[in-house]
Amino acid sequence: MAAIAHRDGGGETSNAPCGADVVPSGHGASRPSLHDRLLGWRDSILSNRSFQRFAGNFALTRPIARRRAGALFDLCAGFVYSQVLFACVRLKLFDQVADGPLNSAELASRVPLPVDATLTLLDAAVSLQLLQRRSEGRYGLGPRGAALRGNPGVVAMIEHHAMLYDDLRDPIALLRGDAGAGQLAAYWPYAANRKAANLPRQAIAPYTALMAASQPMISQQVLSAYSFRGHRCLLDVGGGDGSFIAAVAAETSKLRCVLFDLPAVADQASERFHAEGLSSRAVAIGGSFLANRLPEGADIVSLVRVIHDHDDADVMTLLRAIHFSLPIGGTLLIAEPISGVRGAEPIGDAYFAFYLLAMGSGRPRTFARLRDMLTEVGFGDVALRPVAMPMLASVITARKSNIDVNQT
Ligand SMILES: CC(C)=CCC/C(C)=C/CC/C(C)=C/C=C/C(C)=C/C=C/C=C(C)/C=C/C=C(C)/C=C/C=C(C)/C=C/CC(C)(C)O
Ligand SMILES: C[S@@+](CC[C@H](N)C(=O)[O-])C[C@H]1O[C@@H](n2cnc3c(N)ncnc32)[C@H](O)[C@@H]1O
């Protein structure tokens, strides 16, 4: 089982306004725990300028001080680094040098940019390990640029970040709910939209293409964590253009597959199944899981990158509909980035939390929270399955238990 730290149900907190040791009289005030007091002591030392000066100069603490100052600087500069990456991707710099290193003049004419500006970008990209200096003043891929070449889905994500960063211009307005609908809300038009079933093809095509481009890295996680071989029929709810079903079908020759998505998305998936010769075993059905009954007959239902898009009430409606559609003993498989994954906390709790805020609905949830929601609608045996890269998606399975709380 993957290591997950649950933040739900955390420890006590103190509202003492002027320091940890102040215990105001009146109801509800509690003394800070020993742990809180130790952390308060640590904070006052770390924020003390004399201590910072001492730790930076003293030989034994200098490496730690440098490392921590560097990490803090990276946090300050993160947006600038992201924009350097964005410029490289937009100008297709990694593609330019993929077949062999080039010098700055050659790159300047291909990008195209003035030579000085090209050099500024090249130096920045080298410092971020996106590119690497090679012999005779040429530039080749760096380790990070090379990793990106193998992940076209990530490159597509980087390009669409232009909308995210625009929406995040005023994060406080976003948090207050004063920011108004931004670019991401328009890009994902089903978010908080009761009439999503009427969306035309041109409204769903851009996000469906982005999801298809990034789907291989997700299906890789799912297929390494779960085998579909023991199943007869898969229903992939919110299945996009059918990329996930195509990946599962390639591994399991006998599995029949049904995709359910908004009508315009399902049409696109149908075309794909025909084009790939999959239509004898895969069909796509259009509808809204918030308004329509789900197709019955599957013994496993998958929700890949679907739940985190929706607020709690809609998730409960969806989980109830899935529970209703499954036979007793049927399986639900959820794959999406979750909150509180040890070692990847900022991915769920900072990146996806703010991304979904800008998008206008949904939130990343912890495993504990998802387990509670699943249990409430009548699923049991809820398990978190180990995956190689939980930052991309965690995999959770649950089984419809004998007691069907929704049908009693
Ligand atoms: C043999 C040699 C030379 C070395 C051996 C040493 C070694 C192991 C080297 C490592 C080489 C290697 C295998 C590198 C692999 C790198 C990988 C796999 C990098 C992957 C990076 C993935 C990233 C950066 C993913 C980013 C994903 C993003 C930004 C996803 C965003 C998703 C969104 C916005 C989803 C939206 C959907 C919605 C709306 C929330 O529902
Ligand atoms: C983030 S995408 C994930 C697509 C795909 N599962 C993947 O991982 O590549 C969410 C999908 O849910 C679909 N969806 C959103 N609201 C829906 C609804 N009310 N009924 C059916 N599908 C819906 C969207 O059209 C979209 O294809």
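When a ligand or atom number is given, it counts from 1 through the structure's own listing order. What's counted below: heavy atoms across the whole structure, side chains too, no hydrogens, waters or symmetry copies.
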Quick one: which ligand 2 atoms are inside 4.0 Å of a heavy atom on G240? 27 (O)
Using a 4.0 Å heavy-atom cut-off, which part of Y207 comes near ligand 2: side chain, backbone, both, or neither? side chain
Residue of the set R272, Q268, Q215 for which side-chain hydrogen bond (donor to acceptor under 3.5 Å, both in side chains) holds with D241: R272
Would you say D309 has any N or O atom under 3.5 Å from an N or O of ligand 2, going by distance alone? no
Are any of the N/O atoms on Y190, whether in the backbone or the side chain, positioned under 3.5 angstrom from an N/O atom of ligand 2? no
Salt-bridged, E271 to R201, with N to O below 4.0 Å? yes
Looking at D299 and R256, is there a salt bridge between them, counting it only when a charged N and a carboxylate O are closer than 4.0 Å? no
Should H160 and F86 be marked as a ring pair (Phe, Tyr, Trp, His ring centres under 6.0 Å) after you check the CA-CA gap, both sets of side-chain angles, and the distance that decides it? CA-CA 9 Å; H160 104 297; F86 179 80; over 10 Å; no
Using 4.0 Å as the upper bound for N to carboxylate O, is an ion pair formed by E106 and R110? no
Quick check for students: name every N or O atom pair between ligand 1 and the protein closer than 3.5 Å, with distances.
{"from": "ligand 1", "atom 1": "41 (O)", "to": "D309", "atom 2": "OD1", "distance (Å)": "2.6"}
{"from": "ligand 1", "atom 1": "41 (O)", "to": "D309", "atom 2": "OD2", "distance (Å)": "3.3"}

Is I204 touching ligand 2 with its side chain, its backbone, both, or neither, if touching means heavy atoms under 4.0 Å apart? neither
Shortest non-hydrogen pair, D167 vs A358, comes out as CB-CB, 4.0 Å
Show the atoms of ligand 2 that are less than 4.0 angstrom away from any heavy atom in H310. 16 (N)
Side chain or backbone of R305 under 4.0 Å from ligand 2, or both, or neither, by non-hydrogen atoms? both
For H308 and E336, the nearest pair of non-hydrogen atoms, with its separation, is N-OE1, 3.0 Å
So how far is it from L148 CG to L130 CG, rounded to the nearest 0.5 Å? 7.0 Å
Who's the nearest protein heavy-atom neighbour of atom 27 (O) of ligand 2, and how far? D261 OD2, 2.7 Å
Atoms of ligand 2 close to Q215 [distance to a heavy atom under 4.0 angstrom, numbered from 1]: 7 (C), 8 (O), 9 (O)
V265 near ligand 2, heavy-atom distance under 4.0 Å? yes
For a quick test of reading the model, state the closest non-hydrogen atom pair linking A264 to P200 and the distance between them. CB-C, 4.0 Å
contact_flag F289 ligand 2 heavy-atom lt 4.0 Å: yes
S361 side-chain N/O to D309 backbone N/O, donor-acceptor pair under 3.5 Å: yes
Are the charged groups of R363 and D311 less than 4.0 angstrom apart, N to O? no
May I ask you to check whether G238 has an N/O atom sitting below 3.5 Å from an N/O atom of ligand 2? yes
Per-atom contacts, ligand 2 versus M211 - under 4.0 Å to a heavy atom: 1 (C), 2 (S), 3 (C), 9 (O)
Subset of ligand 2 atoms that lie under 4.0 Å from at least one heavy atom of G287: 20 (N), 21 (C)
Quick test: of every protein heavy atom, which one is nearest to atom 19 (N) of ligand 2, and how far off is it to 0.1 Å? S288 OG, 3.1 Å
Residue list, salt bridge (charged side-chain N to carboxylate O under 4.0 Å, His left out) with D381, at least two apart or on another chain: R399
What verdict does the ring pair (Phe, Tyr, Trp, His ring centres under 6.0 Å) test give for F379 and H323, after you've listed the backbone C-alpha separation in whole Å, the side-chain angles of each residue and the deciding distance to 0.1 Å? CA-CA 8 Å; F379 285 99; H323 192 269; 4.9 Å; yes
Heavy-atom pair with the smallest gap, counting every atom of L259 and G239: CD1-O, 3.4 Å
Could you tell me if any non-hydrogen atom of A212 lies under 4.0 Å from any atom of ligand 2? no
Is A196 close to ligand 2, meaning an N/O of one under 3.5 Å from an N/O of the other? no
